[in-house]
Amino acid sequence: MNTIRPCGCKGVRTCLKCEQDFGIEKLNLKDEFEKLDAWSWCIKCQKLYRGWNTNKIQEHHPEHLKENGIDLPGIFVQTEFISADEGLKTMDDLDSLSWCISQSGRRKQNFGPKTNFKKRKIQNGCFQGFPLVTKYIQEKLNELPLLKNFQTIEQCSLEYDPKKGASIDPHIDDCWIWGERVVTVNCLGDAVLTLNLYKDCLEKQLGDISKYNLDLVQTYENHLLEPLMGREKLKMFENKIIRIPMPCLSLIVLYGPARYQFEHSVLREDIQERRVCLAYREFTPMYLEGGQSHEKGVEVLKNAINFW
């Protein structure tokens, strides 16, 4: 179905309501992913160990010294990034703002410029900055060495409701406008981020991949914090599924290989309670000072330092 439905879904995106109302059959990603070789991220080891259940992987941390974990560059998880009191206060503040329906059973609050990923066009639109009540989170982000000089140009609140079968399908965040560091702060609820190797990255040269505007990455690849993996290293992740825990109040950052060479998703089966997160995006180097498209992003950058 290509039309927008009352629930907010369109195209291949579905939620439990439109699947029931319109008789839409949706491929069960969990069933498909469970056929693959599952590895989960240990937050303390910062390595992957075999297993689907991320909670069990954390519980077995003391035993990991006896095992051989796998490295996947470009994953950072910090638990208790915000305190429980900060999480409750932030949720009250967010819920005092208007929510808009979104696809796949989600709701959102979006603060950022208007973007057209297909035409690669950006407009400031109505963007005038971010809610003052979330300023402290951006300040905390800037205190981390990994996020040095991170200038937020989009902040998006995302709500996942298990009653709606909320999820997000496998994708790579756009590479024309959004920069290397993909940042998420979990304000409410536990979840898991699931990564699968994007096969085009294994089969093609980066400059030949138009989907997600991946072809543009080669123009700023020398700016990346973590170099991309070559074909031989990528092969070890073929037919593997990667599971990254996202505990309540935690921070997760994807960059380098994990950001550009793997699709990420949130399965509806991993949403057991209301989950609300804040997603933060920065510009690609093309839109920063010295970049070829800097003048097109000046107004956005000016407004991005404002809080109201």
Side-chain angles (χ1 to χ4, degrees), residues 11-14 26-41 46-48 50 52 54 70-77 103-104 115 117-118 120 158 167-184 191-246 252-270 279 281-282 284-286:
V12 298
R13 312 301 184 198
T14 65
K26 182 177 177 65
L27 176 70
N28 190 309
L29 278 175
K30 182 175 182 287
D31 288 347
E32 294 301 308
F33 283 161
E34 284 185 326
K35 297 174 184 178
L36 303 176
D37 185 16
W39 291 71
S40 291
W41 183 258
Q46 299 183 54
K47 288 181 180 289
L48 294 165
R50 181 171 272 116
W52 176 272
T54 57
I70 294 178
D71 291 313
L72 175 51
I75 299 173
F76 177 81
V77 180
Q103 299 187 64
S104 304
T115 54
F117 301 128
K118 290 184 178 180
R120 297 178 178 177
L158 291 170
S167 65
I168 188 165
D169 289 343
H171 69 286
I172 293 175
D173 281 27
D174 181 80
C175 304
W176 150 68
I177 196 69
W178 307 141
E180 177 181 8
R181 294 166 292 187
V182 172
V183 179
T184 304
V192 177
L193 195 66
T194 300
L195 272 62
N196 59 283
L197 177 65
Y198 185 47
K199 290 188 177 180
D200 276 3
C201 289
L202 183 62
E203 298 168 355
K204 301 179 182 179
Q205 297 294 325
L206 206 59
D208 297 327
I209 305 174
S210 59
K211 191 173 182 180
Y212 308 123
N213 285 315
L214 272 165
D215 57 306
L216 290 177
V217 178
Q218 63 177 351
T219 66
Y220 54 82
E221 191 172 349
N222 60 329
H223 291 277
L224 300 186
L225 296 172
E226 187 69 44
L228 301 181
M229 291 190 288
R231 189 163 299 178
E232 288 305 311
K233 287 188 177 180
L234 283 177
K235 280 184 179 179
M236 70 179 296
F237 293 99
E238 199 171 14
N239 298 318
K240 285 184 173 63
I241 201 73
I242 309 302
R243 306 267 291 164
I244 306 174
M246 297 190 294
I252 179 168
V253 183
L254 296 183
Y255 59 103
R259 186 262 195 263
Y260 292 111
Q261 296 176 302
F262 291 77
E263 292 182 308
H264 60 271
S265 57
V266 177
L267 306 179
R268 61 173 49 162
E269 290 84 358
D270 288 320
R281 302 295 179 261
E282 63 181 336
T284 56
M286 297 182 293

*asked:* Before you tell me yes or no, could you show the steps for L214 and D200 under side-chain contact (heavy atoms from CB on, under 4.5 Å), namely the whole-Å CA-CA distance, both residues' side-chain angles and the distance that decides it to 0.1 Å?
replied: CA-CA 10 Å; L214 272 165; D200 276 3; over 6 Å; no

Flag the pair [X] / [Y] as yes when at least one side-chain heavy-atom distance between them is below 4.5 Å, and no otherwise.
X: F262; Y: M229; value: yes
X: L72; Y: I242; value: yes
X: K118; Y: W176; value: no
X: F76; Y: I252; value: no
X: T115; Y: D174; value: no
X: W41; Y: V77; value: yes
X: R231; Y: L202; value: yes
X: S40; Y: L48; value: no

What's the spacing between [X] [atom1] and [Y] [atom2] if we round to 0.5 Å?
X: L224; Y: R181; atom1: CG; atom2: CZ; value: 11.0 Å
X: F33; Y: T194; atom1: CZ; atom2: OG1; value: 6.5 Å
X: T184; Y: L193; atom1: OG1; atom2: CG; value: 7.5 Å
X: T284; Y: H223; atom1: OG1; atom2: NE2; value: 10.0 Å
X: F237; Y: N196; atom1: CZ; atom2: CG; value: 12.5 Å
X: H171; Y: E263; atom1: NE2; atom2: CD; value: 9.0 Å

Can we say [X] and [Y] salt-bridge, meaning some charged N sits less than 4.0 Å from an Asp/Glu carboxylate O?
X: D270; Y: R243; result: yes
X: E180; Y: R259; result: no
X: D215; Y: R120; result: yes
X: K235; Y: E232; result: yes

*Report yes or no: does K240 contribute a side-chain atom to a donor-acceptor pair with the main-chain N or O of M236 at less than 3.5 Å?*
yes

*Could you walk me through whether N213 and I177 pass side-chain contact (heavy atoms from CB on, under 4.5 Å), step by step?*
CA-CA 9 Å; N213 285 315; I177 196 69; over 6 Å; no

What pair of heavy atoms forms the shortest contact from [X] to [Y], and how long is it?
X: I172; Y: C175; result: CG2-SG, 4.2 Å
X: A258; Y: L195; result: O-CD2, 4.0 Å
X: E226; Y: G74; result: CG-N, 4.5 Å
X: P257; Y: P227; result: CG-O, 3.3 Å
X: N239; Y: L36; result: O-CB, 3.6 Å
X: T54; Y: V192; result: OG1-CG2, 3.7 Å

*For the rings on Y212 and Y198, is their centre-to-centre separation under 6.0 Å?*
yes

*So does Q205 have more than 12 non-hydrogen atoms from other groups sitting under 6.0 Å from CD?*
no

_Looking only at the side chains, is there a donor atom on one of H264 and D173 sitting less than 3.5 Å from an acceptor on the other?_
yes

_Flag for R13-S104: side-chain donor and acceptor within less than 3.5 Å_ = no

*asked:* Between I75 and Q46, does the side-chain contact (heavy atoms from CB on, under 4.5 Å) criterion hold? Intermediate values first, please.
replied: CA-CA 8 Å; I75 299 173; Q46 299 183 54; over 6 Å; no

*CA sep, side-chain torsions, deciding dist, call: I70, K47, side-chain contact (heavy atoms from CB on, under 4.5 Å)*: CA-CA 6 Å; I70 294 178; K47 288 181 180 289; over 6 Å; no

